[in-house]
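So you know, we letter chains A, B, ... as the sequences are listed, proteins then strands, and number each from 1.
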2 protein chains.
Amino acid sequence: MSPARSTEGAPISSIGRGIAVLACFTPRAHALTLSELSQKSKLPMSSTHRVVAELTTGGFLVRGKDKRYRIGTRMWSIAQLAPVSDQLRERALPTLARLYEETGENITLAVLDRGQALYVDRLVGEKSIPSASRTGGHLPLHTTGVGKVLLAYLDKEKIDAYLSRPLQRATPHSITDPDKLREELTEVRQRGYAVVRQELTPGNGSVAVPIMRRGRCIAAVGIVAHINKLYVDQLVEILNKAAESIGHELEETH
Amino acid sequence: MSPARSTEGAPISSIGRGIAVLACFTPRAHALTLSELSQKSKLPMSSTHRVVAELTTGGFLVRGKDKRYRIGTRMWSIAQLAPVSDQLRERALPTLARLYEETGENITLAVLDRGQALYVDRLVGEKSIPSASRTGGHLPLHTTGVGKVLLAYLDKEKIDAYLSRPLQRATPHSITDPDKLREELTEVRQRGYAVVRQELTPGNGSVAVPIMRRGRCIAAVGIVAHINKLYVDQLVEILNKAAESIGHELEETH
DNA sequence: ATTTACTTTCCGCTTGTCGGAAAAGTGTGG
DNA sequence: CCACACTTTTCCGACAAGCGGAAAGTAAAT
């Protein structure tokens, strides 16, 4: 989010500062010193110190022996009450487990969140190909399998809005022409699944299908594999069964 | 956490109020109105309104069409950077998936957190017996399999501290006598696993083993099943392999 | 012992935040 | 359509929480 001092007009609130500090943490920086937090949040050192102290008292941050701060279990526990976790992730998990055991590949579950694919969960084993996704992380819609599915089932206006902004190229295979992507999305809707080949990561491919609920796509489930092992027909069949199973699980009143 | 107005002495800070509002959410109340949040946090309505507005702006809360607030994906995403999630849960997940597929039972992974067992993840399928645990939730140490393991491997002083407080009885089978529990913990350490039979939930039993790292128990992994299907020797063998696999996965530099 | 970098504390000042009251909005029953 | 009850939002004068720069403290390296 926008740094504290560079915010024009309205000053940033105390709670906003707390969130700004928490937002400093990233996959590459999950342990930060006070100075680093001050620099990243652009808050003065004494302000940062006070905010960090409050967050630590509340269990949202914890200070390690190395004097670095990390996200605390209190925040994590409360966050598990987010619908994306306790209504979707936890219910989908057995099916994802089965998918993983069945294919041995990289399994992903994602939802649309702020114009991107938010990875709700993923299973990646030793034998799976390394991939760019991470639970809790976001990736673009146009270069990921689950992302293409989520994009394809959006309202036309929202698709237009997404395509009106420059599409970032992740590899030479990334589709960045809006017209070509629009065609691709039509195909996704028609055949009910998306395929991606080296559009996000060289060598990687993925297949994904929608999880539907009352006619709306609420999530996407996908498999990432090396392009040489991307047996699309086979994977689509497995994924459709999984999607149906997850969809059924979500209908249950727990 | 303690309600705003009942705090003696030091007044509660703005960030503390934000955390107090977020702490209102529970498994049974994951969607709350503004009035409910005000009542639960004991903050005046206009104060609650302001705090909630700030949290919503920052993505930590989201207001649904039903006018109820829920934990937002922004908070969830950041929370996934907690070590308990990205260092432990995500790495353990493939092994938990394998355990689930192998046994079809209720799989749990827990760590010690604030004197209780914090459930880092669990897999429970349609055919599994219903259990009391929930990812992100806490349960006592003395009435759960994973809890007994976590307790058994604590420093003597910490075990004494835990046993010095009244042990809550969840069922008639709960062990609440400190001396009996101490004996039990000695057995857990000796044989390397814990067994629980109907001590938390009637009909349910569980077996759990420690996940060790450099001689310290950092987590516990367990299986919950109906007491008639609690084949201890068999489950212990499977669990020990899983624990070793997870321990190995945690050693990897990712 | 000194230097450097980081962290913690201090303190005068400012304005962000306070909460009660009023106004506005919403849903329901007659 | 109106009245009522409840919830939510806005207002606003008061005040103390929070501000950030400076000083002090701490730890590590030389």
Side-chain angles (χ1 to χ4, degrees), chain A residues 1-26 28-72, chain B residues 1-25 29-72:
Chain A
M1 65 177 274
S2 61
R5 270 210 226 82
S6 69
T7 302
E8 273 90 55
I12 188 169
S13 71
S14 297
I15 289 175
R17 286 162 181 258
I19 293 178
V21 166
L22 292 170
C24 293
F25 292 89
T26 67
R28 291 183 184 179
H30 54 75
L32 295 164
T33 65
L34 194 64
S35 301
E36 289 168 338
L37 286 169
S38 176
Q39 282 157 20
K40 282 174 166 268
S41 66
K42 291 187 166 51
L43 293 170
M45 177 63 72
S46 52
S47 302
T48 304
H49 186 266
R50 194 170 39 250
V51 170
V52 164
E54 294 285 354
L55 291 169
T56 304
T57 298
F60 272 46
L61 287 179
V62 66
R63 193 182 198 196
K65 289 175 179 175
D66 57 354
K67 297 184 177 178
R68 291 174 165 269
Y69 292 91
R70 293 170 175 81
I71 299 294
Chain B
M1 65 176 275
S2 61
R5 271 210 225 83
S6 68
T7 302
E8 273 90 55
I12 188 170
S13 70
S14 296
I15 289 175
R17 287 163 180 257
I19 293 177
V21 165
L22 292 170
C24 292
F25 292 89
H30 54 76
L32 295 164
T33 65
L34 193 65
S35 300
E36 288 167 340
L37 287 169
S38 176
Q39 281 156 21
K40 281 172 165 272
S41 66
K42 290 186 168 49
L43 293 171
M45 177 64 72
S46 52
S47 303
T48 303
H49 186 265
R50 195 172 36 252
V51 171
V52 165
E54 294 286 354
L55 291 168
T56 304
T57 297
F60 273 45
L61 288 179
V62 64
R63 194 182 198 196
K65 288 174 180 173
D66 56 355
K67 298 183 178 178
R68 291 173 166 268
Y69 292 91
R70 293 170 174 81
I71 300 295

Pairs under 3.5 Å (N/O, protein and nucleotides 22-30 of chain D):
none

- Atom pair distance, as rounded to whole Å: CG in A:Leu34 and P in C:dA5: 17 Å

- Heavy-atom closest pair (B:Leu43 atom, B:Val21 atom, distance to 0.1 Å) is CD1-CG2, 3.9 Å

- Message: When you measure from the side-chain N and O atoms of A:Arg17 to the phosphate of D:dA17, is any distance below 4.0 Å, counting only OP1 and OP2?
- Response: no

- What's the CE-P distance between B:Met45 and D:dT8, to the nearest Å? 6 Å

- Item | N or O in side chain of B:Ser14 less than 4.0 angstrom from D:dG18 OP1/OP2 | yes

- Query: Which residue, A:Ile15 or A:Glu36, contacts DNA chain C at a nucleotide closer to its 5' end, judged by nearest heavy atom?
  - Reply: A:Glu36

- Does a nitrogen or oxygen in the side chain of A:Arg50 sit under 4.0 Å from OP1 or OP2 of C:dT9? no

- What is the distance from CZ of A:Arg63 to C1' of C:dT8, rounded to the nearest Å? 10 Å

- Note on the structure: When rounded to whole Å, the CG to C1' distance for the pair B:Leu37 and D:dT9 reads 15 Å

- Task: State, yes or no, whether a side-chain contact exists between A:Cys24 and A:Glu36 at a heavy-atom distance under 4.5 Å.
- Result: no

- Note on the structure: All heavy atoms of A:Pro44 vs all of A:Ser38, minimum pair found to be C-OG, 3.8 Å

- Query: How many Å lie between CZ on A:Arg68 and P on C:dT7, as a whole number?
  - Reply: 9 Å

- 4.5 Å side-chain heavy-atom contact, B:Thr56 and B:Val62: no

- Tell me the side-chain hydrogen bond (donor to acceptor under 3.5 Å, both in side chains) pairs involving residues 58-67 of chain B, sequence neighbours left out? B:Arg63-B:Tyr69, B:Asp66-B:Arg70

- Are side-chain heavy atoms of B:Val52 and B:Phe60 found at a separation under 4.5 Å? no

- Task: Could you state the atom-to-atom distance from NE2 of A:His49 to C1' of C:dT9 in whole Å?
- Result: 8 Å

- Task: Can you spot which of A:Thr48, A:Leu32, A:Leu22, A:Ile19 makes a side chain to side chain contact (heavy atoms under 4.5 Å, CB included) with A:Ser41?
- Result: A:Thr48

- Task: Measure from CG on A:Leu43 to C1' on D:dG18 and round the result to the nearest Å.
- Result: 12 Å

- Message: Can you measure A:Ile12 atom CD1 to D:dC19 atom P for me and round it to whole angstrom units?
- Response: 10 Å

